[in-house]
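A note on names: the letters A, B, ... follow the listed sequences, proteins ahead of strands, and every chain is numbered from 1. Worth saying up front: this structure is predicted, and the values here are computed from it rather than measured.
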Amino acid sequence: MMQIKRTIKYEADRVRGFSDEIMSVSGCEQLKSCIQCGTCSGTCPLSIYMDFSPRQVMALVRADFKNEVLSSKTVWLCASCYACTVECPRQIRITDIMYALKQRAIKEGIYPKRFPIPILAKEFSEMVRRKGRITETLLVMRLFLKANWRAVLSSWRLGLGLIRTGRFVVRAERIERQAELQKMLAAAGNNNVRPTEAA
Amino acid sequence: MKYSYFPGCSLKGLGRAYEESLLPVMKHLGVELQELEDWNCCGATAYMSVDEAKAGVLAARNLAIAEQNGGHDLLTPCSACYLVLNKTKHNIADFPDIRDRIHCALRSANLTYTGSTRVRHPLDILVHDVGLDVIKEKVVRPLKGLKVAPYYGCQVVRPYSTFDDAWNPTTMDRLLATLGAEVVHYPLKTKCCGGSLTGTLPEAGLRMSYILLKEAVRRGADVIATICPLCQFNMDAYHDQIDRRWGPTRIATVYFTQLMGLAFGFSEKELGLQRNFIPMKPRPVPPVAA
Amino acid sequence: MKTNGKNGDVRIGFYVCHCGSNIAAMVDCPAVAEYVRKLAGVVVSRDYKYMCSDPGQELIQQDIKEHQLNRVVVASCSPLLHEHTFRNACAAGGLNPFYFQMVNIREHDSWVHSDRAEATAKAKALAHAAIRRVRFHRALEPTRVNIHPDTLIIGGGIAGIHAALLLANAGKKVTLVEREPSIGGHMAQLDKTFPTLDCSACILTPKMSAIRSHPNITLWTYSEVAKVDGYVGNYTVTVKRKPRFIDEELCVGCQECIKACVFKEPKFADEFNVGLGKRKPIYIPFPQAVPQVVVIDPDRCIQVKTGKCKQTCVEACADRHAIDFTQQEELLEIKVGNIIVATGYKLFDATRIPQYGYGRYPNVFTSLELERLVNSSGPTTGEILLRNGQHPRSVGFILCVGSRDMKTNRWCSRTCCMHSMKLAQLIREHTDADVTIFYMDIRAPGKGCEEFYDKSLKDGIQFVRGRVAEVTDWALSPEEEGKLVIRVEDTLAGFVRRIPVDMIVLATGMEPQADAQEVRRLLNMSCSSEGWFLERHPKLAPVATFTDGIFIAGCCQGPKDIPDSIAQAGAAAAEALSLIDKGYIEQEPNTAYIEEADCSGCKSCIPLCPYTAISFDESKQKAVIHAALCKGCGTCVASCPSGSIKQNLFEDEEIFSEIEGVLT
Ligand SMILES: Cc1cc2nc3c(=O)[nH]c(=O)nc-3n(C[C@H](O)[C@H](O)[C@H](O)COP(=O)(O)OP(=O)(O)OC[C@H]3O[C@@H](n4cnc5c(N)ncnc54)[C@H](O)[C@@H]3O)c2cc1C
Ligand code: SF4
Ligand code: SF4
């Protein structure tokens, strides 16, 4: 049997106000003037893996298709290389828009399950909150445990290599005035960043 | 010449060879570096994905400490740190809402930041403050015949580059030429290495590193010079996985500071070169010039 | 004409216009009329739907007669549009037109506010100001200035050529000043012209020859305007003629000298072929050049540079003696009544977008270069060749290079879509190469242009909608080896593509000329923020400028194609003709004048006047203002330490009472 899928969108699929919300984020105002030229997608080294190209993301945001954007893989594939941002003929800060979308996807818990990238982001921020610094090897181990423990096994060679070259650090780095940092983070907003993985 | 020094987490971990080569080279050139007191993680791309305001606070704490400890320019070798610190500086200057939130957070720790700290990359400092002529004088073992592909990656040249062109940067090219190396025309010099995707989505991330390696080999390079710990890690540590997927592309990726150290006469060990997965091809070492 | 009423009393008629709903929707017009009716001196106060209509003007005339009005105030749109209309209505009613005052409650009020009550209050305040001010108006007579019948045209592209011929055919004398050694401009470099594909040279050359032979046209090529003095109708222009080291009268264009030059082979980049061909230091810019006179490039000629050449050219010229190395730069002065500026455009420098590889990859060309390549008198005699002499099997056109981009130029260059499709069709005609056009939007609104687009599609030209991100020479697959690879999102198909091609053509956009700002200053014109010369009104006065007697035509006003350039040239010529044939122009008497008794002769006003309208009468030791030169800017009035300069229509009492009116 041939599988078919309806792709039509109804007005009810739009989340009114979403585009205004994104465009009110500092640095994202220019999105209004996107001309859908595709320079961002053409420049992006990762667009070839994305379900929506960066250009399509701009169109979807502008048309208030919030759920489609936030659940897409695109924002998580963005490597923040800023290639699109410096090339866009309308000087739209696409990378910053991607960040604004990632933040909202995490906040609302809409992202692909067991997708390692948002998990990394959350583990990272949690480690910074607790220690003030990142110890990469420990971070990666936590990530693998959360996202895909089999990856630990397949990466044994990498681990061995790091040990051999003296780059495998097991003693956690930390700052002295951790309390000060936590106080500052708390003052910046009551946005709790404790990991709460969504379905 | 004195600078505050912000190593960032990577230079204490996977990228320790960067620090191991940067410090002796800077010292050799008479540049004094003072590690920023109780610095914290800049937040990198990952924190920015979670909470922009807090990410800004992380970076701002470092800027504020730097401003209060003498206000020297802040030498920032890691590309991600360079970007995040600069971005925060710009955001504070450009956007009142961000400025207010950050100032409020700083106040809670009795810190202040007026915006004066300059965030600078070692390449910038070496070429513009120290000067290529001074560097040239220190070269005792010119890198004659060594073909180097200069690789800048993303976040130093984009989007806040102040000292070089975003599309065709040349500071490292000129620096390497000063060391006596042959600089290979490398049009991928500002392409992305894959960033953290090498770990999280190897299919995509590793292929980006692979293309960089393959093209350097195709252009006849002996070695790739990089300015970022994450790029170095991606292009060095994943070789076996890249080889397994797309065939062998064995070429070493080293920090530009390591190449400087070699030209200045330091030993491989003094520069952390033993930490590479793919070692630099041994080359006939010319005797140290008198 | 009436002055004040019998007993010297002031009798004001006030009219507030609805302008359909333009004003009435935001301003309560009857309420404004009601308010004004009670003000001192007001005899009639009315609101009316369209004051500028015939019945509206009729109303004013009737009231003047019936109510013995001696002042009129109309509150409506901008004086720029209808001051003239209402002044004429007053005059027709028997009132000196300068007893009239206009209040702008549309552009200054109804169009820019959103609160009806406040907008109405503002309209009342503005009306009150005018009522107070008009009381002090005096009867004035406009000054008359005679128009010199000759015209100067700057720039000999198609626009300048067309305007010159129209005026000359109407019997008027024209001087055409062109910077380059030949006229023709960009059109001379084109092969065929869209949308009809007629040969550019075939339609241009006859017009160029006509310029040369026309008894009413003086052609000065290799020349530039150095100085412009005077005012509408009476400009004195200094033209700098660069030495071409050839006597234009004696040279017959036989080109023996070129053959004889000590440089045996052409060696220097030839401007006409955009550097794709070579020329000698002594050359004719192109076969159809007008004038057919050789020129010597002072930067290349050994004799000019060092004085130590065998001068084989002089030998070859023999008895004609047309070559003259003693020629010096000349400054010539002419008098004209009108000036038409047709200085055209320059092309965007493609190296500013390094991603597209121009200057780095030899087979990346600009579209103007391609025009030369497909032209049968071009450097390849019409063969489309790569730099290595081979035929391209595939060609990609990249549109909007430097245009529609905030980082370079924001505007659309208007002809690139069309000329790219033209060149693509020509390539398809000459070769069997695959041609792909990469575009953001195809803009083909001109007559016959959409049909031309359709023809391009039917010709088998591929269209990919997406702004090209990058052109590279690194290959990811065997078919990409040795090719230029275009990376682009095919936004309609919905994925990113890598497309290898042999040749790339960049449709570089149009930019204002490099010296546009200097020309602007020279002629006292304005420029838009982008640097194009500014027309007086975007719709109603598209070729006039803010300086009377100075007109613009062609691409110096903004990007456009040949038909539009010609249309503007015709319009500019007609504007000049209408001034010339009328013979005089009436100027607004809002000029400054000096109360001689009060002038202390300090001369401080003289250097301040931007129009050099003030001189000094040594015998009287007083400053004198030349009314025809005065533009009424008021600079001197404000600066005079003894307060002895006054300005018609801006007397102190008028301004102060106006301010009082606003504030009450
Ligand atoms: C590649 C290409 C292809 C095109 N193809 C077509 C086509 O097929 N059909 C079409 O309709 N249009 C086409 N166009 C557009 C066409 O070129 C213009 O519409 C037309 O040339 C404009 O004429 P112009 O006289 O305004 O300006 P120009 O042709 O630029 O002429 C201006 C003249 O003024 C002179 N000048 C400049 N400054 C001074 C100065 N300060 N003093 C004295 N002289 C000065 C210049 O030397 C020049 O001779 C094409 C354009 C390009 C770039
Ligand atoms: S490059 Fe800019 S204008 Fe073009 S599609 Fe992307 S965001 Fe829109
Ligand atoms: S910043 Fe993100 S979206 Fe933009 S080009 Fe880089 S990876 Fe693609």
Residue part contacting chain B, namely of [X], when any heavy atom lies under 4.5 Å:
X: A/Ser26; value: both
X: A/Leu101; value: neither
X: A/Gln182; value: neither
X: A/Gln178; value: neither
X: A/Glu136; value: side chain
X: A/Arg164; value: side chain
X: A/Arg93; value: side chain

Problem - Close side-chain approach of B/His239 to B/Phe277, heavy-atom, < 4.5 Å - result: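 Sidechains of B/Phe277 and B/His239: no contact.
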
Exercise for the section: Decide yes or no for B/Ser79 and B/Cys154: does some side-chain heavy atom of the first lie under 4.5 Å from some side-chain heavy atom of the second? Expected result: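 Contact flag for B/Ser79/B/Cys154 side chains = no.
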
Would [X] and [Y] count as having a side-chain donor-acceptor pair, cut-off 3.5 Å?
X: A/Ser80; Y: B/Gln155; answer: no
X: B/Tyr5; Y: B/Glu19; answer: yes
X: A/Thr95; Y: A/Thr85; answer: yes
X: B/Asn276; Y: B/Gln258; answer: no
X: B/Gln68; Y: B/Thr112; answer: yes
X: B/Asn234; Y: B/Thr198; answer: yes

Of the backbone (N, CA, C, O) and the side chain (C-beta and beyond), which part of [X] lies under 4.5 Å from a heavy atom of chain A, both, or neither?
X: B/Ser10; result: both
X: B/Asp97; result: side chain
X: B/Leu111; result: side chain
X: B/Trp167; result: side chain
X: B/Met48; result: both
X: B/Ile102; result: neither
X: B/Leu14; result: both
X: B/Arg61; result: both

Most heavy-atom pairs under 4.5 angstrom with chain B, which of [options]?
options: A/Arg177, A/Met184, A/Arg133; value: A/Arg133
options: A/Val75, A/Val169, A/Val128; value: A/Val128
options: A/Pro118, A/Gly132, A/Ala105; value: A/Gly132

Exercise for the section: Salt-bridge test for B/Asp51 and A/Arg129: reply yes if a basic N is under 4.0 Å from a carboxylate O, no otherwise. Expected result: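 No.
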
Residue among [options] with most heavy-atom pairs under 4.5 Å to chain A:
options: B/Cys104, B/Cys41, B/Ala109, B/Ser49; result: B/Ser49
options: B/Cys192, B/Gly195, B/Gly272, B/Pro159; result: B/Pro159
options: B/Lys191, B/Gln274, B/Lys87, B/Arg107; result: B/Lys87

Exercise for the section: May I ask you to check whether B/Tyr82 and B/Phe6 place their ring centers less than 6.0 Å from one another? Expected result: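 Here the rings of B/Phe6 and B/Tyr82 have centres that are no less than 6.0 Å from each other.
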
